[in-house]
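Taking it in order: structure first as structure tokens, then the write-up.
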Amino acid sequence: MRDDPRLPTSPGFWRSPLRGPWFTSVLGLVLLVGTTVLFVTGLVSYAAYNPDLSPVNDQTPDKGILGFYLFPWPTDPAWLYRLNQGIHVTLGITLIPVLLAKLWSVVPKLFALPPARSLAHALERISLLLLVGGALFEFVTGVLNIQLDYVFPGSFYRLHFYGAWVFFAGFAVHVALKAPAAVRNVRHMRRGAAPEDDLVPPSPDPATFSRRGALGFVGGGSLLLFGTTVGQNFDGALRRTAILAPHGGAEPGSGPNGFQINKTAAYAGIDPAETAEDTWRLIVTGRSGAVRLSRAQLARLPLHSSSLPIACVEGWSTSDQWWRGVRLRDLARLVGYEDDPPDVFVESLQRRGAFRHAALRANQVADPRSLLALYVNGEDLSPDHGHPARVIVPAAPGVLNTKWVARMTFGDL
Ligand SMILES: Nc1nc2c(c(=O)[nH]1)N[C@H]1C(S)=C(S)[C@@H](COP(=O)(O)O)O[C@H]1N2
Ligand SMILES: [Mo]
């Protein structure tokens with residue numbers, strides 16, 4: 001069976017002259033750097049949720065030591081999350097052709113017999129399964145999430161989080177097992193000898209395509225994806241180039257509220273009757289009790305402005321918008337925290353669905369740029385941007401900027 005060239009288990013079955021250590025190594029090197037950046041920006045994105053703050057931000061059950069985190073997420077620079085997540089998503093999409101080409105280049109190994117020649121070889125194959133499976137899983141869940149909006153059973157967040165660690169485990173074992181051979185190979189090549197490699201087909205078909213041409217094809221695919229995605233991090237004409245992004249590069253209308261919207265008020269099931277001036281009240285609770293405020297009362301508190309972007313975990317962001325509202329630390333003051341604002345738990349009017357509540361860390365509350373915004377770009381917030389009031393915090397993931405706020409509970413979480 002091993003030698004029947006009609007079967008993929010036979011080396012003779014694989015005839016593309018493109019396969020070989022050079023093609024695989026170049027792609028592997030790109031992925032080595034690229035997936036490292038993806039893993040690190042992914043962990044940073046995780047940290048940006050302040051995962052140990054309360055169960056509402058980090059919904060990963062039984063994460064144990066995997067959910068380690070080292071620091072309260074900073075509020076400076078204000079574009080921190082925008083940059084991190086822009087890199088994570090844009091790079092992830094750009095690397096898709098490289099990943100596919102790399103998998104294609106090593107696919108004969110998937111069928112190689114016997115399944116394991118030794119314990120080390122068995123370990124290596126299992127680690128490859130984790131590595132390849134983990135990488136595929138991360139790319140597929142990531143893309144589905146940004147394109148199709150949380151279609152998963154359970155939560156994207158959990159799946160992508162655990163998937164990343166499975167991938168990393170495979171990656172670590174793979175590197176540890178392969179490094180000695182890679183070093184040997186490089187030494188061989190330095191001496192001008194061809195590396196030993198079972199990727200080279202024993203009976204190749206004639207070439208119709210050079211290896212460089214194939215690499216160019218892969219790189220061209222990456223460039224095309226990059227060019228049709230990256231614009232979602234910018235405004236105006238640049239955003240319109242992001243035809244592959246989930247919002248298709250379209251701005252929702254023009255004017256002061258004409259910047260990207262995640263979920264509309266209608267989608268979130270916000271009833272206009274609940275947000276009307278004479279029905280909506282904000283309830284703020286803390287050390288000294290609770291305060292109920294109408295929007296008019298809020299608007300008579302000291303108002304402040306900050307220029308801050310919205311940066312969604314899904315990889316789009318807006319440039320700075322000019323928000324105006326009440327400082328979160330002033331709201332903390334109203335309920336008994338004079339100089340030492342604590343954490344806050346923010347709840348929306350929204351009854352169903354994700355993102356209807358969020359917890360913010362004390363350092364985020366204390367930042368003078370953190371607002372409960374009533375206005376944006378000189379106008380009332382539109383219903384879709386969170387009227388009557390929404391949170392905006394520098395450097396935080398968009399998901400922490402709760403819209404249609406109904407209740408804020410200050411106290412250490
Ligand atoms: N109540 C509520 N607040 C919310 C959301 C939501 O779905 N419901 N979406 C969040 C997410 S994921 C983002 S990126 C921002 C987007 O804000 P925008 O729609 O005003 O751009 O709002 C956040 N606040
Ligand atoms: Mo978001």
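The figures that follow rest on heavy atoms only: side chains count, while hydrogens, waters and symmetry mates do not. We count ligands from 1, going down the list as the structure has it; atoms in each ligand are counted the same way.
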Ligand 1 to T402, heavy atom cutoff 4.0 Å, flagged ligand atoms 3 (N), 24 (N)

Quick one: which ligand 1 atoms are inside 4.0 Å of a heavy atom on S348? 1 (N)

Minimum distance, heavy atoms only, to atom 11 (C) of ligand 1: which one of I270, N257, N262 is it? N262

Assess whether atom CZ of R117 is packed by more than 12 heavy atoms of other residues, nucleotides or ligands within 6.0 Å. no

Are any of the N or O atoms of W316 closer than 3.5 Å to those of ligand 1? no

Show the atoms of ligand 1 that are less than 4.0 angstrom away from any heavy atom in C312. 14 (S)

Distance-only side-chain donor-acceptor flag, R281 / S294, under 3.5 Å: no

One thing to verify: whether R390 and D384 come together as a salt bridge, which I'm taking to mean a side-chain N less than 4.0 angstrom from a carboxylate O. no

Does Y157 have its ring centroid less than 6.0 Å away from the ring centroid of Y49? yes

To atom 17 (O) of ligand 1, the nearest of E314, R390, Q321 on a heavy-atom basis is R390

Against heavy atoms of I261, which atoms of ligand 1 measure under 4.0 Å? 19 (O), 21 (O)

Of V399, T318, V346, which has the heavy atom at the shortest distance from atom 10 (C) of ligand 1? V399

Taking the ring centre of each residue, are H160 and F137 less than 6.0 Å apart? no

Of H385, Q350, Q260, H357, the residue with the heavy atom nearest atom 2 (C) of ligand 1 is Q350

Heteroatom distance test (N401, ligand 1): nitrogen or oxygen, under 3.5 angstrom: yes

Set of residues satisfying side-chain contact (heavy atoms from CB on, under 4.5 Å) with respect to F161, sequence neighbours excluded: Y46, T60, K63, L66, W165

Counting from 1 in the order shown, the ligand 1 atoms closer than 4.0 Å to a non-hydrogen atom of W404 are 1 (N), 2 (C), 8 (N)

Verify the ring-centre separation between F111 and W14: is it less than 6.0 angstrom? yes

Specify the closest pair of heavy atoms between A265 and P383, including all atoms of both residues, with the distance to one decimal. CB-O, 3.7 Å

Enumerate the residue pairs fulfilling side chain to side chain donor-acceptor pair (under 3.5 Å) with a member in residues 357-369, sequence neighbours excluded, ordered by first and then second residue. N50-Q364, D52-R361, Y69-R361, T75-D367, D76-R369, D367-R369

So for ligand 1, is R356 a polar contact partner (N or O within less than 3.5 Å, distance only)? no

I'd like the name of whichever of E347, K403, Q85, K263 reaches closest to atom 19 (O) of ligand 1 through any heavy atom. K403

Within a distance under 4.0 Å of any heavy atom of F355, pick out the atoms of ligand 1 and give their elements. 1 (N), 2 (C), 3 (N), 4 (C), 5 (C), 6 (C), 7 (O), 8 (N), 9 (N), 12 (S)

